[in-house]
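Per chain, numbering begins at 1; letters A, B, ... match sequence-line order. Computed from a predicted structure; not experimentally measured.
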Amino acid sequence: MAVPHQQQHQFPLPQILTHPSSSPALLITQGAEGRLYKTTHLFPDRPCALKYRPSKPYRHPILDARLTKARIAAEAKVLERCWREGVPVPAVYAMDAANGWLMMEWIEGVPVRQAINEYLGSGESQEGQEEAEELGDLMRRIGRVVGALHKTGVVHGDLTTSNMMLRRQEGEQKGVLGGEVVLIDFGLAMQSMSDEDRAVDLYVLERAFASTHPRAEKLFGMILEEYGKSFKKATSVLTKLEDVRMRGRKRSMLG
Amino acid sequence: MALENVALEHVPSGYGVYVGFFRDVTNADFLHQQLLSRNRDFEYAFIDASSVISRLHLLSAVYSALNTLLVGALRTPNVHSEIVTSFNTNNNIADAYRRWGITPGKTKDLIVVKIISPTAEGQNGFSATSARTPEAIWAHLTEHVMGKPVPVTDSEIAQATDWPKVRKYYRLNGVPALEKVADKAEHQRKMEQLAIMGMALRGL
C-alpha cells in the first residue's frame with residue numbers, strides 16, 4: 001500500500017476532518033458552494049457523507065458566517081422533515097452549522113444517471129419488451145418518490161438523475177436498475193407548496209433527462225403518470241408544467 | 001473494571017472518552033448534591049439511562065459535546081454538563097438536566113461519562129483535582145456510586161430504556177416514517193435515528 005491520501009487534498013480540510021480517524025476523508029465532489037467528503041461517524045464501520053461549506057473570503061465575515069450557518073441549517077431541516085415523513089433521503093447524523101458542516105448517512109449505490117447509462121449501453125437493453133418493463137419500473141419509482149417529496153411541502157431545487165441514488169441492499173440481485181430511489185443534495189431545496197415551484201422541479205428533471213438520456217426521454221411520461229397519482233394536487237402541478245414548458249424555468253419578468 | 005475507553009472518530013489525540021454504567025443506583029440524591037454544590041471531584045456526565053436508547057444515541061451526544069468543546073462554544077460550565085444538554089432537541093438547559101440528568105429519588109440506572117482533555121489541568125473548565133487515569137476514575141466512581149456496575153452495551157441500555165418517555169422527549173408519536181414498519185428492530189432503529197436527528201438539529 002502506498003502513502004495515505006493526505007497529500008491529495010488540494011483544498012484545506014475542514015477542521016473537524018483534521019482530527020484522527022480510522023481512514024482518511026475522501027473528497028467526493030467539489031461544487032460552487034460546498035464540498036462533499038466521505039468519512040466516518042463515531043465508528044470506523046459507520047460511513048457518512050460530510051457536506052462542508054467553506055467560508056468565502058470575498059464576503060464580509062459577518063454576512064459570510066450568517067449565510068453559511070443559515071444554508072447548512074436549512075438543508076438539515078429539509079432533510080429531517082423529509083425523513084420524518086418517510087421520503088427516502090439521507091438521515092442527518094450530526095451538524096455544526098456555525099462551522100459550516102453537516103454529517104449525513106452515506107447512501108451506498110450509484111446515481112440513477114449512471115445506472116441508466118450502464119443499462120442502455122449494455123446488452124441488457126436489447127431485449128425489446130423487457131427494456132421498457134425494467135426502465136418503466138424505475139421511472140414509476142422515481143415518479144412516486146418525487147410525488148412523496150412534493151407532498152411533504154418540499155421542492156428539491158436541482159432535481160436531476162445525478163441527485164438520485166439507487167440504494168443497494170445487501171444480497172439484492174435486481175440488475176443495474178434495481179434498488180430504492182433515494183434523493184440527495186438538498187442544498188437548493190426549499191419549503192413550498194406552490195404549483196409553480198413544483199412544476200419547475202419537474203421541468204428541471206425533464207430537461208435533465210432530455211440532455212443526458214436521449215433514449216430514456218420517451219419514458220419521462222411514465223414518471224409524470226405516477227407522479228400524478230401520488231398526491232391530491234399533483235394534477236394541477238402537471239397542468240402548470242405545460243405553462244412552464246412553454247416559457248422555460250424562469251418566470252417572465254414582464255408585466 | 002467495567003469502565004470502558006471509547007475510541008471515537010474525529011477526536012484529537014490526547015482526549016479520552018470513558019463510559020460506565022451502574023444499575024439499581026441507591027444514592028442518586030447524594031450524587032445530585034455533588035453536582036449542585038459544584039464539587040470538582042465529581043466532574044462526570046451523570047445520565048439517567050431510562051432516557052437513553054442505545055450506545056449510538058449516547059455517543060452521538062458525547063461527540064456533539066466534544067465538538068462544542070473543541071470549537072470553543074460551550075454554553076454550560078463544562079463538557080460534562082454539555083453532554084447532558086446535547087441530548088435535548090431544544091436549547092432549554094434546565095429542561096435537559098431534568099430529562100437526561102440525574103434526578104434525586106428517580107434515577108435508578110445511571111450512565112457515567114468522563115472526558116479527559118490534554119490541556120493543562122484546571123483550565124478550560126476542567127478540574128485540577130478530579131481523577132485522570134482510568135484506574136483512578138473507576139476507583140472514585142465505585143467508591144461513590146452505590147449501584148451494580150455493568151458493561152455499557154446496547155442490551156444493558158435497552159433494559160433501562162423507558163420508551164414512553166423517550167417517545168415524548170423526541171416527539172416520536174404519530175411520525176409518518178414510523179408507520180407501517182412491521183419489523184420491531186427496524187422500528188427501533190428508525191426511532192433511534194429520529195432521536196439523533198433531533199439532537200443534531202437542536203434548536204432549529
Side-chain angles (χ1 to χ4, degrees), chain A residues 13-25 37-48 50-51 65 69-105 148 151-153 169, chain B residues 6-17 19 54-75 86 89 91 118 154 170-181 186-187 189-204:
Chain A
L13 284 169
Q15 204 206 348
I16 177 180
L17 292 182
T18 60
H19 305 316
S21 58
S22 56
S23 51
Y37 293 93
K38 182 180 183 182
T39 178
T40 44
H41 175 237
L42 303 179
F43 318 120
D45 62 351
R46 194 167 152 83
C48 74
L50 184 128
K51 184 156 193 173
K69 191 175 172 184
R71 285 172 183 170
I72 288 283
E75 184 168 354
K77 259 192 275 190
V78 163
L79 286 172
E80 200 239 7
R81 178 166 185 170
C82 289
W83 210 95
R84 277 183 90 85
E85 298 290 328
V87 182
V89 300
V92 177
Y93 284 172
M95 176 181 77
D96 186 341
N99 287 287
W101 62 258
L102 174 66
M103 258 188 203
M104 294 166 281
E105 178 184 4
K151 192 183 174 184
T152 67
Q169 256 98 20
Chain B
V6 184
L8 292 179
E9 297 283 82
H10 309 297
V11 172
S13 52
Y15 285 82
V17 176
V19 295
S54 62
R55 273 176 75 93
L56 188 63
H57 179 218
L58 168 73
L59 294 172
S60 291
V62 171
Y63 186 73
S64 166
L66 257 173
N67 180 63
T68 310
L69 171 73
L70 294 173
V71 300
L74 289 183
R75 294 169 319 117
S86 293
T89 59
N91 286 320
D154 281 337
Y170 291 107
R171 287 178 287 128
L172 300 178
N173 293 314
V175 173
L178 296 174
E179 287 163 15
K180 292 181 210 137
V181 182
E186 177 69 5
H187 193 260
R189 201 191 57 79
K190 290 207 164 183
M191 288 200 282
E192 176 188 51
Q193 183 53 64
L194 281 165
I196 290 170
M197 254 194 285
M199 284 156 47
L201 272 76
R202 178 159 45 116
L204 288 185

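The minimum heavy-atom distance between Ser21(A) and Ser23(A), with the atom names listed, is OG-O, 3.0 Å. Between Glu105(A) and Trp83(A), the closest heavy-atom pair is OE1-NE1, 4.3 Å. Pro20(A) approaches Ser13(B) most closely through the heavy-atom pair CG-N, 4.0 Å.
For residues 38-48 of chain A, the interface with chain B (any heavy-atom pair closer than 4.5 Å) comprises Thr39(A), Thr40(A), His41(A), Leu42(A), Phe43(A), Pro44(A), Arg46(A), sorted by residue number.
With sequence neighbours left out, the salt bridge (Lys or Arg N to Asp or Glu O under 4.0 Å) criterion links Arg189(B) to Glu186(B). For Ala65(B), the side-chain contact (heavy atoms from CB on, under 4.5 Å) criterion is met by Val79(B), Glu82(B), Ile83(B), Ser86(B), not counting sequence neighbours.
Judged by distance alone, the side chain of Asp154(B) and the main-chain N or O of Arg55(B) form a donor-acceptor pair under 3.5 Å.
For Gln15(A), the part lying near chain B is the side chain, with the backbone staying farther off; criterion is any non-hydrogen pair under 4.5 Å. For Ser64(B), no part sits under 4.5 Å from any heavy atom of chain A, backbone or side chain. There is no contact between Ala73(B) and chain A, counting heavy-atom distances below 4.5 Å.
Most heavy-atom pairs under 4.5 Å with chain A: of the set Leu56(B), Val62(B), Thr68(B), Leu172(B), this distinction falls to Leu56(B). Ranked by non-hydrogen atom pairs under 4.5 Å with chain A, the options Val6(B), Val181(B), Val71(B), Leu70(B) are led by Val71(B). If you tally non-hydrogen atom pairs under 4.5 Å between each of Ser22(A), Ala98(A), Gly86(A) and chain B, the highest count goes to Ser22(A).
The shortest side-chain heavy-atom distance between Asp96(A) and Leu102(A) does not fall under the 4.5 Å cut-off.
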Could you pull out all donor-acceptor pairs under 3.5 Å where a side-chain atom in residues 190-204 of chain B meets a protein atom, sequence neighbours excluded?
from: Glu192(B); atom 1: OE2; to: Ser54(B); atom 2: OG; distance (Å): 2.3
from: Gln193(B); atom 1: NE2; to: Val92(A); atom 2: O; distance (Å): 3.1

